[in-house]
Amino acid sequence: RHYIAFVFVGFWLPTPLAWVVLYAWEVAGFVRYRGYWSPNDVASGRVGIVHGRWLRRTGPTVLAGLAAAALAEKPLPTTT
């Protein structure tokens, strides 16, 4: 969910503003969920922003390759 939302944000907003939106979204979630901070959501959002920027530059055919490369390079941490 975060990944797709932030691909959209990364596609449409300049990178600095996209980072502000990501952290504002996470702070709002932190307040809403009474102190729970999700590093997985932040990581998904960061990857989504980067992929949104790439998507804007290269077109939709690059998205599947970017996602596969990011997952192979460094899987998202899990919380237990």
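Values below: every heavy atom of this structure, side chains too, minus hydrogens, waters and symmetry copies. Along the sequence shown, residues carry numbers from 1.
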* Are Val7 and Val47 co-members of a hydrophobic cluster defined by side-chain heavy atoms under 4.5 Å apart? -> yes
* Asked: Are there more than 12 heavy atoms of other residues, nucleotides or ligands under 6.0 Å from atom CH2 of Trp12?
  -> no
* Phe11 atom CZ, over 12 foreign heavy atoms within 6.0 Å -> yes
* May I ask you to check whether over 12 heavy atoms, not counting those of Arg53, lie within 6.0 Å of atom CZ? => yes
* Closest non-hydrogen atom pair, Pro39 against Trp37 -> CD-O, 3.2 Å
* **Between CZ on residue Arg46 and CG on residue Asp41, distance to nearest 0.5 Å** => 13.5 Å
* How long is the gap from CZ on Phe30 to OG on Ser38, to the nearest 0.5 Å? -> 12.0 Å
* Asked: Would you say Leu17 and Leu55 are hydrophobically clustered, going by side-chain heavy atoms of ILVMFWY under 4.5 Å?
  -> no
* Asked: Considering residues, nucleotides and ligands other than Arg32, do more than 12 of their heavy atoms fall under 6.0 Å from its CZ?
  -> no
* To do: Following the transitive rule for hydrophobic clusters with a side-chain heavy-atom cut-off under 4.5 Å over Ile, Leu, Val, Met, Phe, Trp and Tyr, establish whether Phe6 and Ile4 coincide in one cluster.
  => no
* To do: Assert yes or no for the condition that the ring centre distance of Tyr3 to His51 is strictly below 6.0 Å.
  => yes
Side-chain polar contacts of residues 19-28 - donor-acceptor pairs under 3.5 angstrom, sequence neighbours left out - could you list them?
| residue | atom | partner | partner atom | Å |
| --- | --- | --- | --- | --- |
| Trp25 | NE1 | His2 | NE2 | 3.3 |
| Glu26 | OE2 | His2 | NE2 | 2.7 |

* Structure fact -> Note: Ala18 and Ile49 closest approach over all heavy atoms is O-CD1, 3.5 Å
